[in-house]
Student: 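Pasting a structure here, questions to come.
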Amino acid sequence: MLLRMSDRTGNRRSTTPLHSVSVAGVVVREDGRVLAIRRADNGTWEPPGGVLELTEAVEDGVRREVFEETGIKVGVERLTGVYKNVSRGIVALVFRCRPESGSERLSEESTAVAWLTPAEVSDRMAEVYAVRVLDALREGAAPAARSHDGRQLLG
């Protein structure tokens with residue numbers, strides 16, 4: 001059974017847009033380097049991730065996406081941020097992870113896989129992706145909640 005969204009007045013409307021939920025893993029090695037992919041579809045550098053499947057547990061989705069795109073199996077440590085792309089209606093849940101096994105490999109979704117330093121993350125990734133990694137590297141910080149338009153952070 002699919003649920004319909006309701007507007008602020010409580011009226012059920014089939015035209016109310018639904019949000020898509022994605023997950024991403026910021027995989028941090030012991031030396032502080034972070035796992036990143038260069039996406040095959042647009043050439044941008046990002047932490048590995050993708051759309052959460054309807055029946056999938058959130059942490060299972062993170063593990064699946066990271067492995068599919070990089071060949072690295074991970075342990076999920078903690079939620080580090082929630083990011084909303086207001087122009088596309090996508091809510092991304094980002095988790096800090098640790099590598100457990102596997103070796104880097106390319107996939108249909110990645111044309112490069114690399115372990116980047118925090119400085120390289122800032123140089124290679126667009127602001128909306130770099131901030132996700134940098135938020136995940138902040139020790140002891142509460143999860144961030146940020147909005148963006150697909151290119152730049154808002155507010």
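Position 1 is the first residue of the sequence, and the numbers go up from there.
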Student: Looking at H19 and K84, what are the two nearest heavy atoms and their distance?
Tutor: NE2-NZ, 2.9 Å
Student: Is the CZ atom of R88 crowded by more than 12 outside heavy atoms at less than 6.0 Å?
Tutor: no
Student: Using atom types as modelled and distance alone, determine if a side-chain donor or acceptor of R33 lies under 3.5 Å from a backbone N or O of A114.
Tutor: no
Student: Donor-acceptor pair, E65 side chain versus V62 backbone, under 3.5 Å?
Tutor: no
Student: If Ile, Leu, Val, Met, Phe, Trp and Tyr residues are connected whenever their side-chain heavy atoms lie under 4.5 Å apart, and connections chain through other members, are V66 and V58 in the same group?
Tutor: yes
Student: Starting from V94, can I reach V91 by hopping between I/L/V/M/F/W/Y residues whose side chains sit under 4.5 Å apart?
Tutor: no
Student: Should we count CZ of R151 as having more than 12 external heavy atoms under 6.0 Å?
Tutor: no
Student: Any chance you could lay out the side-chain contact (heavy atoms from CB on, under 4.5 Å) test for K73 and R63, step after step, and finish with the verdict?
Tutor: CA-CA 7 Å; K73 291 188 178 183; R63 286 188 283 270; over 6 Å; no
Student: Below 4.5 Å, heavy atoms only, C-beta onward: do P118 and L137 meet side chain to side chain?
Tutor: yes
Student: So if you build clusters from Ile, Leu, Val, Met, Phe, Trp, Tyr with side-chain heavy-atom gaps below 4.5 Å, do V23 and V74 land together?
Tutor: yes
Student: Can you confirm whether F95 sits close enough to R78 that some side-chain heavy atom of one is under 4.5 Å from a side-chain heavy atom of the other?
Tutor: no
Student: I need the minimum non-hydrogen distance between Y129 and W45, along with the two atoms involved.
Tutor: CB-O, 4.3 Å
Student: Kindly compute the distance separating CG (L52) from OG (S22), expressed to the nearest 0.5 Å.
Tutor: 8.5 Å
Student: Which pair of non-hydrogen atoms, one from L153 and one from H148, has the smallest distance, and what is that distance?
Tutor: CA-CB, 3.9 Å
Student: Can you measure from CD (E59) to CG (L79) and round to the nearest 0.5 angstrom?
Tutor: 9.5 Å
Student: Is there side-chain contact between Y83 and D135, with at least one heavy-atom pair below 4.5 Å?
Tutor: yes
Student: Do T111 and R38 have a side chain donor and acceptor closer than 3.5 Å?
Tutor: yes
Student: Going by heavy atoms in the side chains, are V34 and V26 under 4.5 Å from each other?
Tutor: yes
Student: For the pair E46 and R132, evaluate side-chain contact (heavy atoms from CB on, under 4.5 Å) and give the outcome as yes or no after the intermediate values.
Tutor: CA-CA 9 Å; E46 299 177 11; R132 297 172 191 202; over 6 Å; no
Student: If we only count heavy atoms from C-beta on, is the R98 to V28 side-chain gap below 4.5 Å?
Tutor: no
Student: Return the minimal non-hydrogen interatomic distance between A36 and P48, and the atom names on each side.
Tutor: CA-CD, 4.5 Å
Student: Could you see if V76 belongs to whatever hydrophobic cluster contains L35? Use Ile, Leu, Val, Met, Phe, Trp, Tyr and a side-chain cutoff under 4.5 Å.
Tutor: yes
Student: Within the structure provided, determine whether L106 and V113 are in side-chain contact (heavy-atom separation under 4.5 Å).
Tutor: yes
Student: Over all heavy atoms of both residues, which pair between G25 and P47 is shortest? Give the atoms and the distance, please.
Tutor: O-CB, 3.7 Å
Student: How about E109 and S107: does a side-chain donor come under 3.5 Å of a side-chain acceptor?
Tutor: no
Student: With distance as the sole test, does R96 use its side chain to make a donor-acceptor pair with the main-chain N or O of E77 at under 3.5 Å?
Tutor: no
Student: Are side-chain heavy atoms of T70 and I37 found at a separation under 4.5 Å?
Tutor: yes
Student: What is the minimum heavy-atom distance between P143 and G81, and which atoms define it?
Tutor: CB-N, 4.0 Å
Student: Say whether E104 and W115, considering side chains only, have a donor N or O and an acceptor N or O under 3.5 Å apart.
Tutor: yes
Student: Look up atom CD in E120 and atom CG in D123, then write down how far apart they are to the nearest 0.5 Å.
Tutor: 7.5 Å
Student: Within the distance-only criterion (no hydrogens, no angle test), does the side chain of S110 pair as donor or acceptor with the backbone N or O of E69 below 3.5 angstrom?
Tutor: yes
Student: Linking I/L/V/M/F/W/Y whenever any side-chain heavy atoms sit under 4.5 Å apart, do V121 and I72 land together?
Tutor: no
Student: With rounding to the nearest 0.5 Å, note down the distance linking OG1 in T44 to CZ in R124.
Tutor: 13.0 Å
Student: Below 4.5 Å, heavy atoms only, C-beta onward: do M125 and V133 meet side chain to side chain?
Tutor: yes
